[in-house]
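The structure appears below as structure tokens.
Atoms within a ligand are numbered from 1 in the order they appear, just like the ligands themselves. The first residue in the sequence is number 1, and the count goes up from there.
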Amino acid sequence: MTRDEARAADARDPLGGVRARFRLPPDVIYLDGNSLGALPATTPGAMAAGVETAWGNRLIRSWNEGWVEAPRRIGDRIAPLIGAAPGEVIACDSTSANLYKLIVAALRAAGGRTTVLSEAGNFPTDLHVAEGAVAAVPGARLRVVARDDIADALDADTALLLLTHVHYTSGRRFDMAAVTAAAHDMGATVLWDLSHSVGAVAVDLNGAGADLAVGCGYKYLNGGPGAPAFLFVAERHQARLANPLSGWFGHAEPFAFTDDYRPADGIDRWLCGTPPVLGLMALEAGIATFDGVTMAALEAKSAALFDLFRARGEAAGLHCITPVDPAGRGSHISFRHPEAWPINSALIEAGVIGDFRTPDVLRFGLTPLYTGFEDVWRATETLGAIMADGRWRAARYAEKARVT
Ligand SMILES: *Cc1c(COP(=O)(O)O)cnc(C)c1O
């Protein structure tokens with residue numbers, strides 16, 4: 001594809017107009033949507049109004065003017081993006097904290113089964129939190145096996161299968177319906193981490209018969225740095241699972257101020273403390289960038305961006321490690337190169353912002369809401385130039401940063 005052809009593809013793109021919903025600096029090509037989504041154009045105004053009017057003028061009265069319902073209201077806006085029903089999703093806490101709540105809850109309700117099974121190389125917090133969660137439940141243990149051994153490792157002691165739907169480095173995607181069915185056949189519950197799936201690929205939790213899920217607000221949902229996360233509990237499990245972080249916002253009547261904890265019915269019991277209202281405002285504005293956009297349109301554009309990126313990235317000398325089959329991957333593309341860190345640093349200096357993932361992965365988010373074909377063309381042109389002239393070898397690119 002030539003640059004003119006890429007421009008023509010942008011002109012034909014049914015999602016082309018959605019880019020105007022974001023504020024992107026003109027001097028960068030932003031391909032890091034999967035670590036921090038771009039700033040939605042409406043977020044500064046929504047935040048300013050939320051701070052000046054709702055907080056500044058309405059003060060405490062705002063709790064009854066939309067704040068207290070925000071976790072539930074935003075959960076109901078996330079639900080259609082992940083194939084959940086209203087009342088099955090709530091926006092709260094971090095992904096890590098939500099993992100803890102659901103893992104402990106699932107273990108305690110597992111009727112004597114004690115094993116949490118997960119994938120070696122899963123996102124670190126998933127494994128770290130699982131370690132802490134099994135330590136909190138007498139007799140429970142964590143078993144971590146290679147991806148290809150998961151099916152065989154499911155057994156009569158598996159309480160919970162904990163998996164990330166789209167892998168954060170390789171981009172490999174599990175077949176949610178098939179894996180869920182296999183786990184159910186063995187009597188296990190499944191907890192899906194949707195951090196790299198929500199807003200990136202079509203997810204159908206209820207279609208797959210899923211039990212539990214968590215996901216991130218600051219990646220493809222564009223909710224801003226440290227945005228509240230979300231969790232999903234299928235309606236059929238809601239009455240039987242208890243939140244181990246039994247804080248007052250998950251109480252049936254928080255403002256009855258009783259000594260004893262009595263959980264709220266439904267999804268509200270998964271709240272713990274006072275919701276982070278300012279963060280929720282930004283998350284709500286982020287989710288609104290999906291208004292009127294179908295996941296099918298997103299997936300189709302993501303697939304086309306991927307094909308262009310892959311062809312030109314491989315031509316530049318990088319090895320693509322993300323599956324070629326669109327159904328087998330998420331919406332990012334990763335390449336392996338032993339010098340991934342300095343190459344990525346040189347790219348950033350040249351105005352192309354991607355991600356490095358240790359030890360040797362270059363990862364680029366293909367966010368169809370605001371990434372166009374010409375962007376991919378230009379980014380890969382820059383990548384090709386950096387690989388060809390070897391400028392990434394300059395000593396300054398070898399210096400490591402604290403956040404990568
Ligand atoms: C980004 C990500 C998280 C983030 O967890 P936080 O608690 O928000 O830091 C968790 N799991 C996966 C798979 C992720 O990609």
Expected contact list for ligand 1 at under 4.0 angstrom, heavy-atom basis, is Ser94, Thr95, Ser96, Phe123, Thr125, Asp126, Thr164, Asp193, Ser195, His196, Tyr218, Lys219
Would you please test Glu284 and Arg73 for salt bridge (charged side-chain N to carboxylate O under 4.0 Å, His left out) and show each step?
CA-CA 9 Å; Glu284 196 159 22; Arg73 179 175 71 240; 2.8 Å; yes
Is it true that atom CH2 of Trp248 has more than 12 heavy atoms of other residues, nucleotides or ligands lying nearer than 6.0 Å?
yes
Between Trp341 and Phe356, is the ring centre distance below 6.0 Å?
yes
Go through the steps for Asp193 and Ser195 under the test side chain to side chain donor-acceptor pair (under 3.5 Å), then give the verdict.
CA-CA 6 Å; Asp193 188 331; Ser195 291; 2.7 Å; yes
Report yes or no: is the cationic atom of Arg77 (NZ for Lys, CZ for Arg) under 6.0 Å from the centre of the six-membered ring of Phe230, at an angle within 45° of the ring normal?
no
Reference residue Ser35; test side chain to side chain donor-acceptor pair (under 3.5 Å); the match among His196, His332, Lys219, Arg363:
Arg363
